[in-house]
Amino acid sequence: MGRGKRIWFGFLRFIAVCMCLGVIVASIASVLLSMYVVKATANDDTLLDLENIAQSYTSIIYYKSTNADGQDEWLEYQTLDSPDENRIWKDLDDISVNLQNAYIAIEDQDFREHNGVNFKRTVFAAVNEIVHEVTGVWLRGTQQGASTINQQLVKNITDERASDGTAGYLRKIREIFRAISLDARYSKDMILEAYLNTLGLTGNIGGVEAGALRYFDKHAGDDANVEEGKEPLTIAECATIAAITKNPTTYSPITNPEDHLVRRNKVITNMYEQGYITAEQRDEALAAPLVLSEKTTDENAAKQTNNSYFTDAVIDEVIQDLLKENPDNVPEEEWDEDAATNYFYTKGLKIYSTVVPELQSEMEDVFNRAEYWPAYETEYDPGDGSEPRTIRTNAAGVSVNYKGELCAVVGGLGAKTADRTLNRAIDSVRQVGSTMKGVAAYPLAIEYGWADYSMTFMDEPKYEAGDVDENGTVYKKPWPSNYSGTYSRQPVTVYEAIKQSLNTIAIWVGQSVGVDEMFSFATETLGITTLDPENDKNLAPLVLGSMHWGMTPYELAGAYMMYGSGGQFTTLHSYTTVEDFRGNVILKKDITTVQAISEDTAYIMNRLLKGVLYDSGGTARGLMADDAGMESVGKTGTTNENRDIWFVGLTPYYCSAFWYGYDENVPMTKYNPAYMKHPGASAWREIMDTVQADETKYPYKEWTMPDSVVKESFCTVTGDRPAAGCPTAVGYYKASEVDQRTTCPGHSSTE
């Protein structure tokens, strides 16, 4: 073999060795790269699970309404943005097709065809980067992006943003493999749906629904806008939303409208060139001015809300139920109230609440004006060494319906200035005075036959001055005392006793029932949580309301619910169900209804409470809420030294409880009922008359007397069936007991 051939064969062997080494190095590199990718994406089944995307979504409270066809529908009451991000999940079917196409046209025109990565664009982008590194010049004059919608979705979910050096290249490699994996695991529609919900817009806005609401006060879906009487998103508006995503700062329609319009018009042009819109639609969209909905706060500021008291109440209730249920099975040591609160605000929950917006708004208006509650001020010494301060009276109110639903609540007077602050209607526990008489003593006495509508009891104290009770208490003055400070020392009917709120009669009635029976009924049947078994198993707490702690207006309204619902008590609640952003039910309120008292007892009590508002001597006479032609009934209550002024009012639609006093539980020395109408009853009357005036929502309704109740006359002196010459009135009695009534022996002319 000649020298030339040896050199040639040597060169070929060298090339072959180099090629073998290259193959070996490439194989090793491929193995190492594969090992790296496998390790780096080991948790992708969880991380890139599009069924449960780990993103922060805005929770929304809904309320039930009735549409023009008489069908129930759920409408949005309030969105509850997290401090970090405002994001509302929308299924793809609920996102405008024009909005979907706008994103595909500008971000990834081959989205429907590729397998997750556009390799042609990726190779060109890589070459373009190399050329720029070497020459400082971009091919085609600009940097070219190659990310598909799949890749952008990966970035949105993982939040990996490295772009420079080795970290940038490795991130891109992970992104490519993940994008291909997504395409293999999920349909194009599911990928697009996830992308449109996870993309970032300006400020703390994320996803197209939050963007559409923010920029145009419209929903991302056409049908939702039509339902609310709004026009669907226009093509130009869809293009505006899609134009922002590439660079939310540069293309912000709020802060950089000129640059934004250039980008928006490119989106519109792309939509035309790719066949999504006609030339006529293109021209109309290009000519459309940029008109955004008004916004008074900085778009980049964290969302600051001013919740209604109802919103606060439902938030607190849902968080407590989340804490109990732990829907994601978080390890017990990690699941506390802070974790449940974060879950509430960031999981895109759909809370189906019980609020009645028109009632909530009217109650807020009346409490904001505060004209029914005199603003008494007094100096208060806490007695703990701190400086005395001037305190001012406050008030609270709550309304429930006869299904146990919290319909409206206000926790204080004046404008509400903070979220999740003290809600006196739900959080403040106070002695309830004479309203307690209607909770257990009177209803149970009538239920068990120990009393009826006109049965008489002596208006005299149980203990005289100097008497000693079973607990060894020595009475320095007669007990109980009536509000007037006097006793007639005569028999008085139950009707008169309730109407005038006489303490003496209520004590005799309560004694006939027994403290154990009343305590059990109040706590076990009516669900009152604040009675103290050590201190409240006595007549004074269970009949006159002088409890160790007291009750909240919410639970007091719940206790009186039975007088408008045929004797039934239903668990108090502010929501029925909670769904996650995918529509899966994660909380279902445990709501039970019990027959607390019989239907006839409930109706008789209802008629007795009517006298408080309608009849002479009633403690809230003339303050009935009957402008809409419907009846109303109620009960007043006052604690010692006017520390607490209460009213419970019922209409055929709602049961309400109102409180007035000092938070510090000191006497209202300036309050004098002789010179003013009852504050709570007056406010309640305005609220109910205003709301129930809408006959379309509140058609006439009445409490129907059951067949088990008989309407009969009685002698107002003895309470018996009247004889000739008796002063009479009409009462209501159980049909099963009416034959047991005796006839009055009559009266002399001097009686």
For residues [X] and [Y], report the shortest heavy-atom separation together with the two atoms involved.
X	Y	answer
Gly558	Leu572	CA-CD2, 3.9 Å
Arg621	Tyr614	NE-O, 3.9 Å
Met605	Gly438	CE-CA, 4.4 Å
Ile351	Leu80	CD1-CD1, 4.5 Å
Pro461	Trp479	CB-O, 3.4 Å
Val633	Asn606	CG1-O, 3.3 Å

Side-chain donor or acceptor of [X] paired with backbone N/O of [Y] under 3.5 Å:
X	Y	answer
Thr638	Gly433	no
Ser399	Cys407	no
Arg685	Gly622	yes
Tyr554	Val400	no
Asn67	Asp72	no
Lys230	Asp217	yes
Gln431	Met547	yes
Thr435	Gly637	no
Glu555	Thr529	yes
Asp626	Glu631	no

Between [X] and [Y]: side-chain donor-acceptor atoms closer than 3.5 Å:
X	Y	value
Asp459	Asn482	yes
Ser501	Ser434	yes
Arg430	Asn665	yes
Glu228	His219	yes
Thr421	Lys416	no
Ser386	Asp384	yes
Gln78	Ser308	no

For the pair Phe658 and Trp373, name the ring-plane relationship: parallel under 30°, tilted 30 to 60°, perpendicular over 60°.
->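 Judged by the thresholds at 30° and 60°, the geometry between Phe658 and Trp373 is parallel.
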
Member of Asp427, Asn307, Ile426 meeting the side chain to side chain contact (heavy atoms under 4.5 Å, CB included) criterion with Asp312 = Asn307

Result for side chain to side chain contact (heavy atoms under 4.5 Å, CB included) between Met624 and one of Val612, Thr651, Leu613, Asp689 points to Leu613

Side-chain heavy-atom pair [X], [Y] within 4.5 angstrom cut-off:
X	Y	value
Tyr483	Thr619	no
Tyr376	Tyr660	yes
Tyr495	Asp615	yes
Pro480	Thr504	yes
His678	Ile645	yes
Leu650	Tyr402	yes
Pro382	Arg389	yes
Met688	Leu359	yes

Could you walk me through whether Glu358 and Asp694 pass side chain to side chain contact (heavy atoms under 4.5 Å, CB included), step by step?
-> CA-CA 10 Å; Glu358 69 269 16; Asp694 185 347; over 6 Å; no

Does atom [atom1] of [X] have more than 12 heavy-atom neighbours, drawn from other residues, nucleotides or ligands, at distances under 6.0 Å?
X	atom1	answer
Arg392	CZ	no
Asn368	CG	yes
Lys537	NZ	yes
Glu379	CD	yes

[X] side, atom [atom1]; [Y] side, atom [atom2] - distance, nearest 0.5 Å:
X	Y	atom1	atom2	answer
Glu524	Leu531	CD	CG	11.5 Å
Asn342	Asp338	CG	CG	9.0 Å
Leu322	Glu317	CG	CD	11.0 Å
Tyr352	Ile60	OH	CD1	9.0 Å
Thr570	Met561	OG1	CE	5.5 Å
Leu539	Asn503	CG	CG	12.0 Å

Take Phe310 and Tyr77, measure what side chain to side chain contact (heavy atoms under 4.5 Å, CB included) needs, and give me the verdict at the end.
-> CA-CA 10 Å; Phe310 179 88; Tyr77 177 66; 4.2 Å; yes

Face-on cation placement of Arg87 at Tyr57 ring, 6.0 Å and 45° thresholds = yes

Do Lys350's NZ or CZ and the ring of Tyr62 fall within the cation-pi criteria of under 6.0 Å and 45°?
-> no

For the pair Lys64 and Glu405, find out whether any cationic side-chain nitrogen is under 4.0 Å from an anionic carboxylate oxygen.
->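 Here Lys64 does not pair with Glu405 in a salt bridge, since their nearest N and O are not under 4.0 Å apart.
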
After noting the C-alpha distance and the side-chain angles of Tyr654 and Tyr698, does the key distance pass the side chain to side chain contact (heavy atoms under 4.5 Å, CB included) rule?
-> CA-CA 11 Å; Tyr654 300 111; Tyr698 297 92; 2.6 Å; yes

Verdict with supporting geometry, Ile391 and Val666, side chain to side chain contact (heavy atoms under 4.5 Å, CB included) = CA-CA 10 Å; Ile391 60 174; Val666 296; 3.8 Å; yes

